[in-house]
Trainee: 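Before we start, here is the structure in question, set down as structure tokens.
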Amino acid sequence: MKTVLAINGSASQNSSNGNLLHALSTSFSTSYKIEVYEGLQNLPLFSPQLQQAGIPEIVQELRKKVASADAVIICTPEYVHNIPAVLKNVLEWMTTSGELADKPVLPITFAPAPPRGEYAMISLLQSLKAMKAKIVAELPLYQNQLRVDEGNIYLNEEHRMLFQEALGLL
């Protein structure tokens, strides 16, 4: 069974991006071990000086999770035509250490409605390509296409099949 680390790129607690990743984890639990990583806002702000002084333990733990996973999903909203600062910060912590190099990655944008998310995807792809990640597909999704009930996201058959294909590429 493949292990997948699913990173919630949102700065919000109880975000729709996190809820989507939990729906994936539950829906595909018989085929994939999907661990949802949340709390990016708890990581210290990247700086070369802090990196030289010693990598904080929370960053080391995330790096280990990324390195040991067979694949990574990154799900992000779009903030001001970009990825959230907390996600950019995580990517900066992993730039020189190489955990994402040649790692299969599925980038997902999850925004309220089209065309939101387009710029975030472009930004995320640029960072992942610079880090030499193996991008298996790009998946823009919209909240107005899925059933959401009290924060829970329910995948319809069309989206379940879409995710099955995307996960199969990992």
Side-chain angles (χ1 to χ4, degrees), residues 1-25 28-29 31-111 117-141 163 165-170:
M1 181 179 295
K2 279 195 173 184
T3 60
V4 179
L5 181 65
I7 298 174
N8 174 7
S10 177
S12 299
Q13 291 184 1
N14 198 25
S15 72
S16 58
N17 282 259
N19 293 340
L20 176 65
L21 293 175
H22 286 289
L24 281 178
S25 177
F28 295 97
S29 63
S31 305
Y32 300 90
K33 182 179 183 246
I34 301 175
E35 177 187 351
V36 179
Y37 187 90
E38 300 190 77
L40 297 183
Q41 61 273 22
N42 298 326
L43 274 73
L45 187 60
F46 172 82
S47 74
Q49 294 79 16
L50 187 55
Q51 183 169 310
Q52 290 171 355
I55 309 300
E57 189 171 325
I58 190 169
V59 174
Q60 290 180 37
E61 290 171 11
L62 178 56
R63 284 178 171 182
K64 287 178 189 172
K65 287 180 183 289
V66 171
S68 65
D70 294 316
V72 174
I73 297 172
I74 299 175
C75 187
T76 184
E78 182 173 286
Y79 291 0
V80 195
H81 286 191
N82 213 322
I83 60 175
V86 294
L87 179 54
K88 180 72 168 113
N89 185 49
V90 166
L91 296 174
E92 288 176 356
W93 274 112
M94 288 191 278
T95 297
T96 58
S97 54
E99 289 83 10
L100 288 173
D102 298 318
K103 179 79 63 176
V105 176
L106 174 62
I108 300 172
T109 52
F110 192 47
E118 291 177 8
Y119 294 108
M121 181 63 80
I122 291 167
S123 178
L124 181 56
L125 290 172
Q126 287 176 336
S127 294
L128 292 172
K129 287 175 183 175
M131 300 169 77
K132 298 185 179 8
K134 181 181 172 190
I135 300 162
V136 299
E138 302 169 27
L139 195 52
L141 294 174
F163 277 114
E165 287 181 39
L167 290 169
L169 296 172
L170 293 172

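Note that the coordinates shown come from a computational prediction; the quantities given were computed from them, not determined experimentally.
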Trainee: Please find the pair of heavy atoms, one from Lys65 and one from Glu35, that lie closest to each other, and give the distance.
Mentor: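 For Lys65 versus Glu35, the nearest heavy atoms are NZ-OE2, 2.8 Å.
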
Trainee: Is it the case that more than 12 heavy atoms not belonging to Tyr119 sit under 6.0 Å from its OH atom?
Mentor: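 No, because the 6.0 Å sphere around OH of Tyr119 holds 12 heavy atoms or fewer from other groups.
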
Trainee: Take atom CG of Asp102 as the centre, draw a 6.0 Å sphere, and report whether it contains more than 12 heavy atoms from other residues, nucleotides or ligands.
Mentor: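 Check fails, neighbour count at 12 or below.
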
Trainee: Distance check, rounded to the nearest 0.5 Å: His22 atom NE2 versus Leu20 atom CG?
Mentor: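 Here the interatomic distance stands at 10.0 Å.
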
Trainee: Report the distance from atom CD1 of Ile55 to atom CG of Leu62, rounding to the nearest 0.5 Å.
Mentor: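 That separation rounds to 12.0 Å.
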
Trainee: Tell me, with the steps shown, if Asn8 and Ser15 meet side chain to side chain donor-acceptor pair (under 3.5 Å).
Mentor: CA-CA 8 Å; Asn8 174 7; Ser15 72; 3.1 Å; yes

Trainee: How close do Pro140 and Thr109 get, heavy atom to heavy atom, and via which atoms?
Mentor: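 Here Pro140 and Thr109 meet closest at CA-OG1, 3.3 Å.
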
Trainee: Between Tyr32 and Thr3, do the side chains contain a donor N or O and an acceptor N or O under 3.5 Å apart?
Mentor: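 No, because no side-chain N or O of Thr3 sits under 3.5 Å from a partner of the opposite role on Tyr32.
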
Trainee: Before accepting this row, confirm whether a basic side-chain N of the pair Lys88/Glu92 lies closer than 4.0 Å to the acidic partner's carboxylate O.
Mentor: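 Salt bridge present between Lys88 and Glu92.
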
Trainee: Rounded to the nearest 0.5 Å, what separates atom CG in Leu141 from atom CG in Leu139?
Mentor: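 One finds 4.0 Å between CG of Leu141 and CG of Leu139.
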
Trainee: Between Glu38 and Gly18 (side chain of the first, backbone of the second, donor and acceptor by atom type, cut-off under 3.5 Å), is there such a pair?
Mentor: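 No; judged by distance alone, with no hydrogens or angles, the pair does not exist.
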
Trainee: Can any side-chain N or O of Lys134 pair as donor or acceptor with the backbone N or O of Ala101 at less than 3.5 Å?
Mentor: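 Not confirmed, Lys134 side chain does not pair with Ala101 backbone.
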
Trainee: Looking only at heavy atoms, what is the nearest atom pair of Gly9 and Val86, with distance?
Mentor: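 Answer, listing the atom of Gly9 first, then Val86: O-CG2, 3.7 Å.
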
Trainee: Ignoring hydrogens, what is the shortest heavy-atom contact between Ile135 and Lys129? Give both atom names and the distance.
Mentor: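 Heavy atoms of Ile135 and Lys129 come nearest at CD1-CG, 3.7 Å.
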
